[in-house]
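Side-chain atoms are counted along with the backbone in the values below, which use heavy atoms only and exclude waters and symmetry mates. Counting begins at 1 with the first residue of the sequence.
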Amino acid sequence: MERIERDTIGEISVDATKYWGAQTERSRRNFAIGENQMPIEIIYAFAQLKKATAKVNASEGKLPEEKAIAIGNVCDQIIQGELDEHFPLVVWQTGSGTQSNMNVNEVIAHVANMTLGKGQIHPNDDVNMSQSSNDTFPTAMHIAAYGALVTNLLPEITKMEAVLAEKKNKYMHLVKIGRTHLQDATPLTLGQEISGWEACLTNNKNYLESSMKAILPLAIGGTAVGTGLNASRDFGDKVAEELMKQTGYPFTSDSNKYFALTSHSPINFVHGAIRSLASDLMKIANDIRLLASGPRSGIGELTIPANEPGSSIMPGKVNPTQCEAITMVAAQVMGNDTTINVAASQGNFELNVYKPVIIFNFLESVQLLSDSMRSFRIHCLEGLVANESVIETKVNDSLMLVTALNPHIGYEKAAKIAKLAFDENTTLKEAAIKTGFVTEEEFDLWIDPLKMTNL
């Protein structure tokens, strides 16, 4: 079952059960590239935008109120996920995103005309009124990006922070050996070590929240090249205000539309903060899997939850799979950052034509980090426990406790004690007494691991 749709190129047949039109169908056929569909978040963002532009156009007397209401009603259906099947286009299309803009326009017009009557609403003349793909697509990018961060990533950062804060407090006075350069160092507590992980998240959340302000200004109102041709002078301001009412996000109209169309440095800047978060998550996960290594032949200071069998051949093996998953995600996000950085550099003259790949990678990073942080928190962090007996043994065996003797006997004598203990495989205390540099009483007074943590 097919129907005939028409555009300026001519006629084309479309599946009669689908609501898109000729331009969508041409894109669907011409760009059969990969399986990465335009993110549904972009479609929902477009629906928010089209609803807002219809209201503003109606308020300016350009669009009949009946049409604006019909457009808004269809947009609500899109936002609620009722029409997802009618947005089939892939990421790898025109670099301006024009075809996805038209996909949204065509679906809105088709569904609205099912109520108002065939031909009443035109995808270009009515739904796209006062707009160009060149200003709507970057606007949708910012709407989708900001919404994904607020609803998905930032809440997950906060939840992981809370778990780490609980672990920090629980183990604040459990002394363990520190490690620098992957070698033994002076003591700290497990709580102090975890506090560093917690601060990684806190700081990255601050970086992200600060950088997000860069994507609040919107390109809408710039139309084709930034001049605002066919739109009123304050169209962008009015649409931004309407979007703020609809979403609750403090969007504004970008003061320079030429910048907004050709540069995606705001998105690039925000993704830099996302990449920074990925880097610190890589650090935290690697710390945990190293500290949990063993359990008998590694460091073994932490015990991770046994979520699933770790080997198809070695019975009883438990692997740090959640650490592996989140570090793979971090690697992907770092790759996405490179893609976004390269694509953002391609703003030739009045338009950047790498928009779809930029927002695809941005939204993928947000989704992957949100999902992996949730999984890591639930299936690893919440069940993470200290192996206190192993921690105590390693503290007592460490030669770096000798550092506490520096103020009393000097660096060189302390080094001789550590070397003697290592060469003769004795305890630090035995070596210290053997050198005659300290007495047993002095050693017990000066070597206190908990005091060395400065708690």
Side-chain angles (χ1 to χ4, degrees), residues 7-9 20 22-43 45-46 49-50 53 87-106 123-124 127-128 130-146 214-215 217-231 236 253-254 256-272 335-365:
D7 61 10
T8 56
I9 300 295
W20 62 74
Q23 293 193 51
T24 303
E25 184 63 22
R26 294 189 196 284
S27 178
R28 194 178 72 84
R29 297 184 188 185
N30 292 340
F31 298 95
I33 304 173
E35 298 180 353
N36 301 123
Q37 285 195 307
M38 186 64 65
I40 199 65
E41 296 93 338
I42 282 290
I43 304 303
F46 260 120
L49 177 58
K50 299 297 178 178
T53 56
F87 302 99
L89 301 187
V90 295
V91 171
W92 319 108
Q93 53 167 279
T94 173
S96 62
T98 297
Q99 290 145 6
S100 282
N101 178 42
M102 285 309 303
N103 184 191
V104 175
N105 290 337
E106 288 176 341
N124 295 82
V127 186
N128 204 61
S130 306
Q131 305 153 63
S132 163
S133 299
N134 296 351
D135 67 347
T136 59
F137 199 91
T139 298
M141 289 171 69
H142 283 208
I143 296 170
Y146 197 88
I215 55 175
L218 305 177
I220 192 67
T223 65
V225 297
T227 61
L229 180 66
N230 293 344
S253 178
D254 200 302
N256 191 308
K257 301 299 191 296
Y258 309 102
F259 165 81
L261 270 60
T262 196
S263 174
H264 288 302
S265 58
I267 287 275
N268 196 13
F269 178 57
V270 179
H271 196 271
N336 289 351
D337 193 66
T338 298
T339 298
I340 291 172
N341 199 31
V342 171
S345 73
Q346 300 302 304
N348 302 129
F349 304 120
E350 278 63 61
L351 189 68
N352 177 294
V353 291
Y354 288 69
K355 300 181 191 301
V357 73
I358 290 173
I359 194 59
F360 171 75
N361 280 275
F362 185 100
L363 292 174
E364 181 182 68
S365 291

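Contact check for Leu218 versus Ser253: no side-chain heavy atoms found under the 4.5 Å cut-off. A 4.5 Å side-chain heavy-atom check between Phe137 and Asn101 finds every atom pair outside the cut-off. Taking the side chain as every heavy atom from C-beta outward, Lys50 and Asn105 approach each other to under 4.5 Å. Between Val225 and Asn134 the shortest side-chain heavy-atom distance does not fall below 4.5 Å. Val353 places none of its side-chain heavy atoms less than 4.5 Å from the side chain of Gln346. Asn268 has its side chain out of reach of Ser345: every pair of non-hydrogen atoms, C-beta onward, lies at least 4.5 Å apart.
Of the possible polar contacts, none joining the Lys355 side chain to the Met141 backbone as a donor-acceptor pair under 3.5 Å is found. A donor-acceptor contact shorter than 3.5 Å is absent between the side chain of His264 and the backbone of Ala344. Without hydrogens or angle criteria, Asp135 side chain to Thr223 main chain gives a donor-acceptor distance under 3.5 Å. With Gln37 contributing its side chain and Pro88 its backbone, the two residues share a donor-acceptor pair below 3.5 Å.
In summary, the side chains of Asn336 and Ser365 do present a donor paired with an acceptor at a separation below 3.5 Å, with no hydrogens or angles considered. At a cut-off of 3.5 Å, with distance as the only test, no side-chain donor of Glu350 or Thr262 sits close to an acceptor on the other residue. Side chains of Ser27 and Gln93: a donor-acceptor N/O pair is absent below 3.5 angstrom, by distance only.
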Evaluate the side-chain contact (heavy atoms from CB on, under 4.5 Å) criterion for residues Trp20 and Met102: first the C-alpha distance (whole Å), next the side-chain angles of each, then the deciding distance (0.1 Å), finally the verdict. CA-CA 9 Å; Trp20 62 74; Met102 285 309 303; over 6 Å; no
